[in-house]
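Note that these values count all heavy atoms, side chains included, but never hydrogens, waters or copies made by symmetry.
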Amino acid sequence: MAHERAPWQRTHTCGDLNISNEGEVVVLNGWIENHRDHGQLVFVDLRDRYGVTQVTAHSETEGIVDGALELLQRLGAEDVVSIRGRVRRREGGSNDERATGEIEVLVQAVTVLNEAETPPFEVLDDVEANEELRMRYRYLDLRRRPLQEALIKRSRFTTAVRTYLQDNGFIDIETPILTNSTPEGARDYLVPSRVHPGRFYALPQSPQVLKQICMISGVDRYYQIARCFRDEDLRADRQPEFTQVDLEMSFVEENDVLDLVERTVVHAFKQGFDIDLPTPFPRMSFEEAVARYGSDKPDLRFGMELVDVTQHAAASAFKVFAGAVERGGIVKGICVKGAAGDYSRKKIDALTKHAQEYGAKGLAWAKISEKGVEGSIAKFYEGDAGAELIQLMAAEPGDLLLFGADEAKVVHRALGEVRLKVADDAGLRDPQTFRCCWVLNFPMFEWNEDHQRWQYAHNPFSAPVDWDNTDFEKDPESHRSRAYDFVMNGWELGSGSIRIHRPELQKKVFDFLGISQEEQERNFGYMLEAYKYGGPPHGGIALGVDRMVALALGRQGIRDVIAFPKTTMAVDLMSQAPSAVAPEQLAELQIESKARQDTPEEQVE
RNA sequence: GGGGACGUAGCUCAAUUGGUAGAGUCCCGGACUGUCUAUCCGGUGGUUGCGGGUUCGAUCCCCGUCGUCCUCGCCA
């Protein structure tokens with residue numbers, strides 16, 4: 001037997017009604033967004049998740065309940081109400097900006113469901129109160145259309161990912177949130193164990209090891225939309241907890257993973273955001289990406305590639321160039337088309353400063369005119385040398401040339417960042433344009449200056465490209481791994497690899513990384529043991545959900561696509577987490593804090 | 001751990017060379033029958049984040065501190 005509905009309950013949402021409902025008596029529930037009071041005539045915009053409907057109260061309406069008009073006059077922003085009335089075509093002309101703009105609901109009765117205090121900021125789509133306030137009252141901010149849109153599209157997106165992977169034989173497996181700390185990688189969030197005093201769980205930085213174990217278990221195709229935790233300093237695109245589409249496949253090689261992921265991403269971007277990603281995603285090696293774009297996450301929405309002029313520069317009269325080459329460095333340049341006029345000395349200084357933030361000593365520049373090379377390096381580039389440089393850079397009159405001369409790593413980094421900055425200035429990074437690519441074959445290892453040792457470049461489970469050459473001691477830098485990154489518009493959105501599935505090779509990598517036998521045993525013993533019982537060849541990837549959604553919606557950071565985000569100090573301004581706990585709780589865990597503010601009483605002050 | 005920006009009315013911002021704070025909006029009261037961020041009239045509202053210093057006098061200068069954001073390092 002069907003439940004009887006209360007009389008205040010809605011018959012339609014605030015986005016439902018249009019001219020086809022004309023004449024119907026309806027009930028709407030929602031929040032009062034705006035309120036236009038003409039005395040005997042009152043307009044109220046009623047909002048819910050689905051839209052906004054104009055509600056009109058008129059004293060002479062047939063059947064209007066006594067006092068309804070006065071009540072509506074008295075109510076204000078964010079009061080929650082139920083409105084009963086008849087749908088009719090608007091008398092004052094329609095509002096084309098709303099789906100419901102042709103009609104209005106002529107009020108017969110008003111029920112107050114809950115009155116709201118005056119909100120600390122106005123809940124309007126285009127009102128931007130400062131972020132601190134918005135996060136403190138996150139529930140109010142979330143009522144705004146741009147935030148609701150993010151939540152809705154994010155949900156559609158993850159649903160599309162799930163559907164697609166399910167249809168392709170993947171099974172969703174939950175892995176533990178309470179797991180083990182590992183010394184490598186990011187700092188862990190720790191959770192003390194009550195039943196094992198002095199011991200700690202760690203929250204997972206990713207389900208990496210467990211998904212590989214799933215492959216050993218014969219799961220064959222695993223996925224999970226998994227929460228990951230890393231206790232590192234935050235950025236606009238980094239939160240202490242974030243979400244990944246994590247997947248792993250058995251008996252595969254790069255092509256299998258890349259093709260599957262490409263299809264999944266294309267499908268989910270279409271379903272979630274109605275965005276058509278251009279396919280196929282180009283593939284390039286790490287080496288090529290760095291050489292051409294100065295970055296392992298190249299933005300392919302525009303060209304302006306780095307041009308190698310090292311050979312030419314070696315013979316240059318310009319000491320900065322020749323000297324850099326002599327010391328084993330390189331010289332590269334970018335050609336900014338038609339920008340000579342746009343860059344004053346002051347703006348070039350700003351670019352130089354930008355380059356210096358990324359380790360460059362400076363930035364050499366030239367403006368090209370009909371007469372040849374002008375600017376800081378002009379006197380070294382008169383006549384043939386200048387003509388040659390112009391030809392190498394494929395420059396034309398009106399172009400701006402920018403050069404970096406240093407060791408290769410520095411030149412690539414700095415010039416790569418300058419390339420992005422210049423493109424930003426010129427509006428070449430259109431947020432509505434999407435260009436994806438794959439970057440392949442990362443180095444296995446990189447030298448860590450601080451710790452004076454080699455460390456893994458990607459993750460320690462990535463297989464080497466050359467299975468037959470695992471003599472890592474010999475020229476460590478030359479070894480390439482079967483790791484790949486998924487990149488869109490200069491953002492790294494995913495990272496994965498074909499894994500090492502033989503325990504002896506995995507041990508060899510751990511050995512080379514200087515992880516002791518005891519550490520290997522303690523942290524990865526169960527994994528190495530598992531492989532002994534028959535681990536299939538496998539590989540996978542993890543895709544950053546927050547970043548994908550932010551990019552698709554053209555948001556600057558990921559905070560706006562997370563319902564309840566944290567600040568750069570990892571604080572939740574709404575709940576005030578993290579907070580002090582009762583002394584009894586600490587005692588039970590056998591924990592003493594050396595910090596102040598270690599009891600709730602002190603924290604309040 | 002380092003660098004930078006910001007902090008003034010509930011909100012968004014302004015305030016000359018250092019001379020004791022003002023606008024819009026919100027809110028409150030009034031008028032108003034076709035608005036759509038209604039309009040018009042009137043009104044309330046301030047420990048200038050906090051603490052200290054310089055000064056006859058500090059929103060303004062200096063030091064410290066707290067918070068938010070951006071960023072390098074860190075982090076995949």
Counting the atoms with a prime plus P, OP1 and OP2 as sugar-phosphate, which does A:Arg238 contact under 4.0 Å by heavy atoms, base, sugar-phosphate, or nothing?
base

Measure the distance from CZ on A:Arg144 to P on B:U37 and round it to the nearest whole Å.
16 Å

A:Tyr201 side chain to A:Thr179 main-chain N or O, any donor-acceptor pair under 3.5 Å?
no

Whole-Å distance separating the CZ atom of A:Phe121 from the C1' atom of B:U12:
13 Å

Classify the angle between the aromatic ring planes of A:Phe442 and A:Phe286 as parallel (below 30°), tilted (30 to 60°) or perpendicular (above 60°).
tilted

Counting the atoms with a prime plus P, OP1 and OP2 as sugar-phosphate, which does A:Arg88 contact under 4.0 Å by heavy atoms, base, sugar-phosphate, or nothing?
base

Rounded distance (Å) that lies between atom C1' of B:G10 and atom CG of A:Leu140
12 Å

Given atom NZ of A:Lys421 and atom C1' of B:U71, what is their separation to the nearest angstrom?
13 Å

By nearest heavy atom, map A:Ser94 and A:Glu232 onto RNA chain B; which one lands nearer the 5' end?
A:Ser94

Under 3.5 Å on both distances, the Watson-Crick or G-U partner of B:A58:
none

Base B:U33 paired with A:His58 side chain (donor-acceptor, <3.5 Å)
yes

With a 4.0 Å cutoff (strictly under), does any side-chain N or O of A:Thr567 reach OP1 or OP2 of B:U68?
yes

Scan A:Glu131 against the nucleic acid and name what it touches under 4.0 Å (heavy atoms): base, sugar-phosphate only, or nothing.
sugar-phosphate

Does A:Asp37 reach a base, just sugar-phosphate, or nothing at all? Heavy atoms under 4.0 Å.
base

How far does the C1' atom of B:C74 sit from the matching atom of B:U20, given to the nearest Å?
47 Å

Over all strands shown, is A:Gly93 touching base, sugar-phosphate only, or nothing at heavy-atom distances under 4.0 angstrom?
base

For a quick check of understanding: with a heavy-atom distance under 4.0 Å over all strands, which category does A:Arg134 fall into, base, sugar-phosphate or nothing?
nothing

Can you tell whether the side chains of A:Arg283 and A:Glu254 come within less than 4.0 Å, N to carboxylate O?
no

If only side-chain N and O atoms of A:Gln205 are considered, is one of them under 4.0 Å from the OP1 or OP2 phosphate oxygen of B:A76?
yes

Please answer whether the main-chain N or O of A:Gln212 pairs with a side-chain N or O of A:His501 as donor and acceptor at a distance below 3.5 Å.
no

Please report the distance, rounded to the nearest Å, between CG in A:Asp79 and P in B:C27.
11 Å

With side-chain hydrogen bond (donor to acceptor under 3.5 Å, both in side chains) as the criterion, how do A:Arg84 and A:Ser82 come out once you've worked through the C-alpha distance, each side chain's angles and the decisive distance to 0.1 Å?
CA-CA 7 Å; A:Arg84 192 189 70 216; A:Ser82 167; over 6 Å; no

A:Asp246: which of A:Gln208, A:Lys211, A:Gln224 passes side-chain hydrogen bond (donor to acceptor under 3.5 Å, both in side chains)
A:Lys211

How long is the line joining CD of A:Glu70 and C1' of B:A31, in whole Å?
16 Å

With both distances under 3.5 Å as the test, what is the Watson-Crick or G-U wobble partner of B:U20?
none

Euclidean distance, atom CD1 of residue A:Ile32 to atom P of B:C26 [Å, nearest integer]:
15 Å

Heavy atoms only, 4.0 Å cut-off, all strands: where does A:Ala483 land among base, sugar-phosphate and nothing?
nothing

With a 4.0 Å cutoff (strictly under), does any side-chain N or O of A:Asn130 reach OP1 or OP2 of B:U12?
yes

Sugar-phosphate, base or nothing in reach of A:Arg559, heavy atoms under 4.0 Å:
sugar-phosphate

What distance, rounded to whole Å, do you find between the two C1' atoms, one in B:G10 and one in B:C26?
7 Å

Is A:Thr568 close enough to B:U68 that one of its side-chain N or O atoms is under 4.0 Å from OP1 or OP2 there?
no

Distance between P atoms of B:U65 and B:U37 (Å, rounded):
48 Å

Does any donor-acceptor pair link the side chain of A:Glu122 with the base of B:U37 at a separation under 3.5 Å?
no

Going by purine N1 to pyrimidine N3 plus the second Watson-Crick contact, or the G-U wobble pair, all under 3.5 Å, which nucleotide sits opposite B:C6?
B:G67

May I have the distance from A:Arg90 (atom CZ) to B:C36 (atom C1'), rounded to whole angstrom?
6 Å

What nucleic acid atoms does A:Glu104 come within less than 4.0 Å of, heavy atoms only: base, sugar-phosphate, or nothing?
base

Plane angle bin for A:Phe512 and A:Phe445 - parallel if under 30°, tilted between 30 and 60°, otherwise perpendicular
tilted

Classify A:Leu133 by what it touches in the nucleic acid, base, sugar-phosphate, or nothing, heavy-atom distance under 4.0 Å.
sugar-phosphate

Between A:Phe524 and A:Phe461, what is the ring plane arrangement, given parallel below 30°, perpendicular above 60°, and tilted in between?
perpendicular

Looking at B:C75, B:C70, B:G73, which one has an atom nearest to any side-chain atom of A:Arg235?
B:G73

Suppose you measure atom P in B:C60 against the same atom in B:C6; what distance do you get, rounded to whole Å?
14 Å

Nucleotide opposite B:C32 in a Watson-Crick or G-U pair, distances under 3.5 Å:
none

What distance, rounded to whole Å, do you find between the two P atoms, one in B:G53 and one in B:G46?
26 Å

Across all strands shown, which nucleotide pairs with B:G45 by Watson-Crick or G-U wobble geometry, both distances under 3.5 Å?
none

